[in-house]
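For reference, the structure is listed below as structure tokens.
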Amino acid sequence: MIRTRFAPSPTGFLHIGGARTALFAWAYARRHGGQFILRIEDTDVARSTPEAVQAILDGMAWLGLEYDEGPYYQMQRMDRYKEVIRQMLAAGSAYPCYTSADELEAMREAQRSRNEKPRYDGCWRPETGKRLPAPPAGVLPAVRFRNPAEGVVAWHDLVKGPITIANAELDDFVIARGDGTPTYNFCVVVDDWDMKISHVIRGDDHVNNTPRQINLFKALGAPLPEYGHLSMILGDDGQKLSKRHGAVSVMQYQEEGYLPEAVLNYLARLGWSHGDAETFSMGEFCSWFDLDHITASAAQFNTEKLNWLNAHYLKQADDSRLATETLRRLAGQGVDGSGCADLPRVMALYKGRVANLNELADAAHPFIVAVHPSPELLAQHLSDPVRAALRTLLAKLLDANWEAPALSQAIKETLLQHGIKMPQLAIPLRVVLLAQPQSPAIDAVLEVLGREAVCGRINSVLV
RNA sequence: GACCCUAUCGUCUAGAGGCCUAGGACAAUACCCUUUCACGGUAUGAACCCGGGUUCGAAUCCCGGUGGGGUCGCCA
């Protein structure tokens with residue numbers, strides 16, 4: 001049974017990189033008929049917040065990344081961690097360390113000044129024939145893992161291929177703090193073991209944790225999972241993403257009017273490919289997804305391509321779904337569009353012309369409430385001959401058969417009578433009706449706007 | 001600084017030694033469509049980081065350099 005997991009720490013929103021990691025882990029499980037588990041890694045009590053947990057859950061839900069198990073919370077598994085730590089202490093694969101934070105910092109500083117890799121010096125590590133210092137009074141020791149001193153840790157990474165790291169590069173890392181709470185590298189291993197995770201799919205930033213975790217698995221006598229490390233996502237500008245620079249919540253994409261299927265499709269193609277396939281459903285994605293076609297190098301985020309995908313999915317989106325979205329966005333602006341029965345028709349008219357849901361809502365606005373073109377706009381477009389033509393048109397519209405072909409006919413007759421060309425009438429008409437000189441085909445706009453609004457708005461500029 | 005990973009158009013990528021005169025997509029440019037603006041259609045420009053090997057043959061394999069990314073916490 002393939003079991004993958006997504007294990008975010010609740011110290012902030014679900015950002016785009018985390019979302020892609022979750023997507024790939026989710027897709028891998030789906031592809032192989034396996035299970036996808038959500039685990040909240042909240043052992044950093046100082047930085048974890050319930051708001052962040054909720055933000056992560058919201059982000060997953062919006063994207064439709066459903067999990068088969070969880071969410072598990074590490075803070076609820078303390079007893080299990082402490083039990084394992086006791087066992088390791090008893091077995092000698094872990095030991096108490098009384099070095100203080102200040103001493104560690106001084107140690108690292110000295111090492112850095114000598115251009116050495118900063119690391120714990122192992123002074124409390126028990127060795128046969130070695131005399132350990134006397135434990136200082138009143139100090140609660142941290143617990144360190146007794147990492148093998150020699151040899152190498154090697155694994156075949158599912159996306160990067162063979163990776164080898166010498167144990168000499170690794171120091172004895174802390175698995176439990178002075179207060180007894182376990183730390184990340186330790187909890188991950190116990191959890192992945194207990195939860196029977198078969199494939200650990202996670203970000204590139206964990207490559208250097210992997211050998212430590214593998215050594216822990218071995219010390220525990222636990223079976224090793226497979227590992228696959230996804231490269232990072234860089235910002236639009238090629239710079240790395242951070243909370244301060246460019247990293248935004250997936251929920252912000254929702255606010256900005258992106259459809260979840262567009263974000264998902266974009267993320268899927270960022271670092272993964274299936275030949276020339278550019279647009280595909282999540283069903284297709286799950287049936288195609290494999291780790292062999294993941295790029296091993298970092299990928300730069302490209303908002304313009306996301307925009308294109310969003311426009312693509314907007315064109316295919318169901319009109320009533322778009323109407324619901326539009327209503328929600330309009331309500332956010334204090335506009336109640338619930339009385340507009342023709343909203344789906346407005347959506348049909350505009351969904352092929354906009355890049356996001358906010359633009360769609362803006363476009364729908366004049367169909368719901370009367371617009372007031374600025375005096376400048378009116379002055380620019382409403383000359384006396386135009387007013388005369390509008391007067392003629394208004395008379396025709398008052399008793400026209402209210403369907404696009406008949407409306408188009410009325411406009412063409414007006415054009416003929418006044419000896420003007422289509423743009424000379426259509427553009428002022430757009431300004432009068434919608435307060436902007438561009439719109440979809442004018443007869444379609446008239447049809448959807450309705451006789452009352454059209455005639456009323458024309459009349460209001462003629463009096 | 002040390003260690004690990006990585007390198008094809010501006011960007012995302014195809015490419016598993018001959019199918020490559022390097023393909024697709026976004027973006028760009030031009031033209032077409034048109035009732036305005038979009039959409040759409042057609043076309044064009046645009047890349048194998050550098051240097052050595054291996055091979056009859058290298059974008060593809062190996063080594064080195066350089067660039068980029070990651071990690072060096074009692075954070076995750």
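Atoms considered below: every heavy atom in the structure, side chains included; atoms not considered: hydrogens, waters and symmetry mates. Per chain, numbering begins at 1; letters A, B, ... match sequence-line order.
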Establish, from distance only, whether the side-chain atoms of A/Asp191 and A/Gln74 form a donor-acceptor pair under 3.5 Å. yes
I'd like to know if A/Arg212 reaches the base of B/rU71 with its side chain such that a donor and an acceptor end up less than 3.5 angstrom apart. no
When rounded to the nearest Å, what value does the distance between P atoms of B/rG64 and B/rC72 take? 26 Å
What pairs meet the salt bridge (charged side-chain N to carboxylate O under 4.0 Å, His left out) rule with one or both residues in residues 438-450 of chain A, with sequence neighbours excluded? A/Arg345-A/Glu447
Pairwise salt bridge (charged side-chain N to carboxylate O under 4.0 Å, His left out) hits with a residue in residues 258-280 of chain A, at least two apart: A/Glu261-A/Arg321, A/Arg269-A/Glu278, A/Glu278-A/Lys305
Between A/Glu413 and A/Gln417, does the side-chain hydrogen bond (donor to acceptor under 3.5 Å, both in side chains) criterion hold? Intermediate values first, please. CA-CA 6 Å; A/Glu413 287 170 12; A/Gln417 287 175 25; 5.1 Å; no
If you look only at distance, which donor and acceptor atoms sit under 3.5 Å apart when one is on a side chain in residues 419-432 of chain A and the other is two or more places apart or in another chain?
from: A/Gln424; atom 1: OE1; to: A/Lys421; atom 2: N; distance (Å): 2.6
from: A/Arg430; atom 1: NE; to: A/Ser439; atom 2: OG; distance (Å): 2.7
from: A/Arg430; atom 1: NH2; to: A/Pro440; atom 2: O; distance (Å): 3.4

Between A/Arg20 and A/Trp26, is NZ or CZ placed under 6.0 angstrom from the six-membered ring centre and within 45° of the ring axis? no
Across the strands shown, which category fits A/Ala441 at heavy-atom distances under 4.0 angstrom: base, sugar-phosphate, nothing? base
Please walk me through it: do A/Glu284 and A/Ser287 pass side-chain hydrogen bond (donor to acceptor under 3.5 Å, both in side chains)? CA-CA 5 Å; A/Glu284 288 170 315; A/Ser287 71; over 6 Å; no
Do the charged groups of A/Asp172 and A/Arg119 touch, with an N to O distance under 4.0 Å? no
pair_partner(B/rA47), Watson-Crick or wobble, both distances < 3.5 Å, evaluates to none
Every protein N/O lying under 3.5 Å from an N/O of nucleotides 32-34 of chain B:
none

Would you please indicate if the ring centroids of A/Tyr258 and A/Tyr313 are separated by under 6.0 Å? no
Candidate nucleotides B/rG1, B/rU71, B/rC4, ranked by approach to the side chain of A/Val207 - the nearest: B/rC4
Give every pair of a protein N or O atom and an N or O atom of nucleotides 28-31 of chain B that lie under 3.5 Å apart, one pair per line with the distance.
none

According to the Watson-Crick and G-U wobble definitions, with both distances under 3.5 Å, which nucleotide is paired to B/rU55? none
Have A/His293 and A/Asp290 got a donor and an acceptor in their side chains that come within less than 3.5 Å? yes
Is A/Glu41 salt-bridged to A/Arg5, going by a charged N under 4.0 Å from an acidic O? no
Determine the interatomic distance between C1' on B/rU8 and the same-named atom on B/rC48; round to the nearest Å. 4 Å
Please check the phosphate of B/rG73 (OP1 and OP2 only) for any side-chain N or O of A/Arg108 closer than 4.0 Å. yes
Would you mind pulling out the nucleotide paired to B/rA2, Watson-Crick or G-U wobble, both distances under 3.5 Å? B/rU71
Need the pair for B/rU21. Rule: Watson-Crick or G-U wobble, both distances under 3.5 Å, any strand; none if unpaired. none
Give the B/S/- string for nucleotides 12-24 of chain B, one per nucleotide from 5' to 3', where a protein heavy atom under 4.0 Å of the base yields B, of only the sugar-phosphate yields S, and otherwise -. BSSS-------BB
If we take the P atom in both B/rU44 and B/rG23, what is their distance in whole Å? 11 Å
